[in-house]
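To start, the structure itself, in structure tokens.
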Amino acid sequence: MMTDDTATTAPRPVIRDAVPGQRDVREVIRDEQVMRRQILGVLADGPLTVPELAAALERPTHEVMFWVMGLRKYGWLAEDKEVNDDGYFRYEAVEREGS
Amino acid sequence: MNSGAMERSAEGAPLKYDALVVGSGIGGMESALKLGDMGYKVLVIEKDASVGGKMILLSKVFPTLDCASCISTPKMAATIHHPNIDVLTYAQVDGIRDNGDGTYHAKVTQKPKFIDEAACTGCRQCEMACNVAVPDEFNADMVSRRAAYIAFPQAVPKKAVIDRAGISPCTYECPAGIKAHGYVARVRSGEYEEAFGLVLETTPLVGSLGRACYAPCEEQCTRGELEGPLPIRRLKRFIADTHYGRDGLTPLEKPEQNGKKVAVVGSGPAGLTAAWQLARQGYGVKIFESAPQAGGMLRLGIPAYRLPNDVIDDDIGNVTAIGVEIETGKRVDDIPALKDAGFDAVLVATGTHKAVQLRVPGEELGGIQSALTFLADVKLGNPVDVEGKKVLVVGGGNVAIDAARSARRLGAASVDQVSLECCEEMPAHDFEVDEARAEGITLHDGWGIDHFEGDSAVQHAEIKVCTCVFGDDGRFAPEYDETMRDTIDCDVVIVAAGMLADTEAFGLETNPNRTLIADDETLQTAVPHVFAAGDVVTGPTMINSAVGHGRRAAFMIDKYLQGQELDASLFDEALGVVDKNDVLRRQDVYDRREPLESSAIMSASPTDFAETEGPMTEDEAFLGAARCLDCGVCSECHACVDVCPADCIDFSMQEKVIEAEVGSVVLATGFSLFPADAKPQYGFGRYKNVITGMQMDRLLAPTRPYNAVIRPSDGKVPDNIAYIMCTGSRDDTVDNPLCSKICCMYSVKQNQLIMGALPLADVTVYYIDVRSVGKGYDEFYQQARDMGANFVKGRVSGITETDEGNLVLRYEDIENGSALVESEHDMVVLAVGVQPSRGVAELFGDGDGALALDDYYYVGEVDEDLDPGRTNLPGVFVAGAAAGAKDIPDSILHAGAAVAQAAAHLERAKVADEAKAKVTS
């Protein structure tokens, strides 16, 4: 039988030094606005896959996924139609509607 | 409310409905539609911004593989447009009380959406412009959404909502009313001009405040609870420097004149801000300034090493650019008489430029002057003779520190400072005291002046130990130890003992301390057309307070001149400040991000008035702004306001409490998904390619968060996907022995969709047994097998991750001798089960009227076999998965049962009422 654990007394959050790959999702997503400029800068030279972008930015690939997909959702990036031989889509900067 | 077709109760009285439906998932919508079709008046309450529940977020439904959106949206639209149904989205039921006669009283809170729904066209322009990114709960946190958002593309109503948890502490704390969080968010997005424009909405003094403000915002910054606050003030300086440093600035537009004129007496922060605000609204504004240059205390009181004159000039240039006329060297004494000069209203904002005297023997000696005079002379370039002299500064406030540091720069041989207060209690800010000491100023804290001595000019001061500065009543009443004395040699004494308003000639009512008497809220004086703001009313304060007063005065003068009531509540922000602890609790762990170090360049022997604080580089500004926690969620950056074509954004909206009398209640609160991280051996949250069934459904949906089914870790198209069934179901280790009923079939559905989307991908399902009970379900399961899905009977005990992000599953291969086997996949989907929605019982409270839950915390039915939908409370019914795990067809069926029960209850009540009426007649 399940226990009624609705009463939560959340402990105070802790600060820690960066553990690669383990940042809170909220924190990663918050950085999207800051990373936009850098990502668009890197993509100015042509489309890249997420791992290629991550290498250029020196950031974890899963964090770059959040930013790329967020920027794609809001019209800053678009993907190639086909995946490359390694199974990755490439993403390029696009002119944003209304920009 | 959506339809507006209901008969309304009298103003203020509770609304009346036959039924209240709580929740608008498939069970709630079905209940409402059926009751509405029967002619009952229904109120639906939905906590999210759209109706539709979880079903609308699915890819397809099993076993027909119909598009979930295609079959949901007609029901959503029907619900919202039904003539007998009112729907409140973004609302919550606070409580439901039994009236004792089979009816109920419901209290509902409508959260403000900050959007005029009638005007919003759902164009998403606000969302596209918004500067705050948060996890998108409608996409299972796989991508961001914005603080201004439309829940999802098929949302009904398709209207934007602005997610505001409260006012961010930095913004709330600013006495000037500057949207600090807003301009930080703008800087973070690289929108420097827009950031400048946002501050301009409050005050023209962007550069001055960026340097000389004491930044109470930073004291309240939530990041200060972690490593240290954001450099909010310096970000403001950055946007001002960037703006003023641009080539070819676009001139500010002069607003169209409304024909009315306002005189502003005084050109300090309050006067300039008020003039700016009034001129922007079309008033003809003229500022009268007695000093030779405009700027008030900014110009005359703050040394150039803190606030250079060219920055003040730039800021004042904003004011004059929109048509404000400034006449300097013009002292105005008879304030009310300005009306005769053609001004419709007058604002007095003359500040406190009169020095308080020490009133000690020898104060009349030569070489003794006030700090205000000294600082003004220095700033205006008048001759000041302190070079090579021994300077004594008297006072412990910021003005005293400014005077001492200025004297040091002018070549004083020595600078001593005497303060009544001990160092920790000095009114000056700690950092200023530290900087003064670093520049070689000798501080004598806890000492007072007994007298000055000299022939015609001061030669030394006798000081004595101050034992107490303030009396028990908090008033200034220093006490001394007369036995403890010392002497300081000095050629020049600069006294900073306080500042007074110079109001005697104004012909207005004053307080004993000579400040003007004005209404605290409206700032109107006893002379109706005369208002007063800033230090002349409050006594000496900070620049930001004076700016806030000036802004308030402009608001009130505008109301006065329009003949409107001076309603202070319209000026203040309605929303409260967000709780910092709530902000911090949004994350379990924070990545350490050290604050930007101070850029102050200190010299032990400063020789000029060059700024001590250097400018921020763009990278520093970015890094500084990036530390913002978005406390209020929405930053109030007004990007949405700037782009909204329908002008429908309204930040003044407030929460509304709605009371309703209802004849019955249908609880359709659905279920919640099992939290996958409660099975840590599967690595959800740690291993990026371990996702939940709902996340895979989102990846397969037409409105998916990614462009395809790809791995969250790196965007690779997966070749080999595993499913782990019964995650959190039939599992005593997580206290849930129940089968969730839907996981097998939604996994089978996803298997088929994946094999359609990724024809080359392998799909392996690790299961205990497959439960495919339902019409066509077993055939659906067989179809997945026939398409190539590999079903392996065995429970997975754990997962590890390879360097490539692949996942190695360990499981017992039951059908092959129960061997312990490992297999590698590049993506794992956890078929998470369901849990009861919590908080439903709390709506009814404890005691006799309490709602009974079953042993598993679902809403209890008195007899789910023979009397489905009926709870222990007469007139309260449960529909769909709120009563236990159900798939969509069963939820609809169950909602039908609940509706029949509710209708029977309403009809019984009607018959009883009619019978009672018959007896009475």
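Letters go in sequence order (proteins before strands), and every chain restarts at 1.
Residue A:Arg72 touches chain B through its side chain alone, counting heavy-atom pairs closer than 4.5 Å. Interface remark: B:Glu191 contributes side-chain atoms only to the contact with chain A (heavy atom separation under 4.5 Å). Of the two parts of A:Glu32, only the side chain, counted from C-beta on, holds a non-hydrogen atom closer than 4.5 Å to a non-hydrogen atom of chain B. Proximity to chain B (any heavy atom under 4.5 Å) is restricted, for A:Val83, to the side chain, taken from C-beta onward. If you measure heavy-atom distances from A:Asn84 to chain B, you find no contacts under 4.5 Å at all.
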- Task: Go through B:Ser837 and B:Thr669 one step at a time and tell me if the side-chain hydrogen bond (donor to acceptor under 3.5 Å, both in side chains) criterion holds.
- Result: CA-CA 7 Å; B:Ser837 280; B:Thr669 48; 4.8 Å; no

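Ring-plane geometry between A:Tyr91 and A:Phe89 is classed as tilted, the angle between the planes lying from 30 to 60 degrees on a 0 to 90 degree scale.
Salt bridge A:Asp31/A:Arg23: present, at least one basic N to carboxylate O contact under 4.0 Å. In this structure, B:Glu227 pairs ionically with B:Arg627, as a charged nitrogen and a carboxylate oxygen lie closer than 4.0 Å. Salt-bridge formation is detected for the pair B:Arg145/B:Asp163: a Lys NZ or Arg NE/NH1/NH2 atom is positioned less than 4.0 Å from an Asp or Glu carboxylate oxygen. Note on A:Arg90 versus A:Glu79: no salt bridge recorded, every NZ/NE/NH1/NH2 to OD/OE distance being 4.0 Å or above. Under the 4.0 Å criterion applied to side-chain N and carboxylate O atoms, B:Lys716 and A:Asp86 are not assigned as salt-bridge partners.
Your options are A:Met69, A:Glu63, A:Met35, and the one with the most heavy-atom pairs under 4.5 Å with chain B is A:Met69. Looking only at heavy-atom pairs under 4.5 Å with chain A, the residue among B:Asp141, B:Asn131, B:Val643 that has the most is B:Asn131. Put simply, of B:Leu623, B:Asn139, B:Val187, B:Asp630, the one with the most heavy-atom pairs under 4.5 Å next to chain A is B:Asp630. Counting heavy-atom pairs closer than 4.5 Å to chain B, the top-ranked of the candidates A:Val34, A:Leu53, A:Val64 is A:Val34. Comparing B:Arg124, B:Met142, B:Arg146 by how many heavy-atom pairs each has under 4.5 Å with chain A, the most go to B:Arg146.
Checked by atom type, the side-chain pair B:Thr617/B:Asp619 shows no donor-acceptor distance below 3.5 Å. Using modelled atom types, one finds no donor on one side chain facing an acceptor on the other under 3.5 Å when comparing B:Ser635 with B:His181. No hydrogens or angles considered: a donor-acceptor pair under 3.5 Å links the side chains of B:Asp714 and A:Tyr88. A donor-acceptor pair shorter than 3.5 Å can be found between the side chains of A:Arg30 and B:Gln587. Under the 3.5 Å distance criterion, with hydrogens and angles disregarded, a donor-acceptor pair is assigned to the side chains of B:Thr802 and B:Glu804.
Using a 4.5 Å cut-off on side-chain heavy atoms (C-beta onward), A:Val94 and A:Trp76 make no contact.
A cation-pi contact links B:Arg838 to B:Tyr857, judged by a cut-off of 6.0 Å to the six-membered ring centre and 45° from its axis.
Against chain B, the residues from residues 36-48 of chain A that qualify, each with a non-hydrogen atom under 4.5 angstrom away, are A:Arg36, A:Arg37 in number order. Residues of residues 704-711 of chain B placed with any heavy atom under 4.5 Å of a heavy atom in chain A are listed by number as B:Pro705, B:Tyr706, B:Asn707, B:Ala708, B:Ile710, B:Arg711.
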